[in-house]
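Below you'll find the structure, written out as structure tokens, and then a few comments.
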Amino acid sequence: EEEVDSRVYCICQTLYDDEKIMVACDKCDEWYHTECVQLSEQVVELVDKFYCPKC
Ligand SMILES: [Zn+2]
Ligand SMILES: [Zn+2]
């Protein structure tokens with residue numbers, strides 16, 4: 001449980017924050033903040049596939 005709670009996400013390496021909108025990469029399944037990958041909330045709803053900077 002502790003391990004899950006301390007997991008960091010995104011390129012900014014921060015803990016999960018439900019205030020921020022996140023998007024999952026379709027290739028590696030990692031989660032990223034829309035603001036960190038320069039996607040707006042509106043764009044996320046329109047794109048059917050998202051690939052993170054690493055992919
Ligand atoms: Zn981030
Ligand atoms: Zn990826």
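When a ligand or atom number is given, it counts from 1 through the structure's own listing order. Bear in mind that the values here come from a model prediction, so they are computed numbers and not experimental data.
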Apex the Zn ion (ligand 2); atoms C25 SG and C28 SG; angle rounded to 10 degrees: 110°
Note, Y32 side chain near Y9 side chain (heavy atom, < 4.5 Å): no
Angle, SG of C55 through the Zn ion (ligand 2) to SG of C52 - 10° precision: 100°
Single-linkage hydrophobic cluster V44~Y16, side-chain heavy atoms < 4.5 angstrom: no
Side chain proximity check, C10 to W31, heavy atoms < 4.5 angstrom: no
Considering only N, O or S atoms of H33, the one closest to the Zn ion (ligand 1): ND1
Check: F50 and L39 side chains under 4.5 Å, non-hydrogen atoms: yes
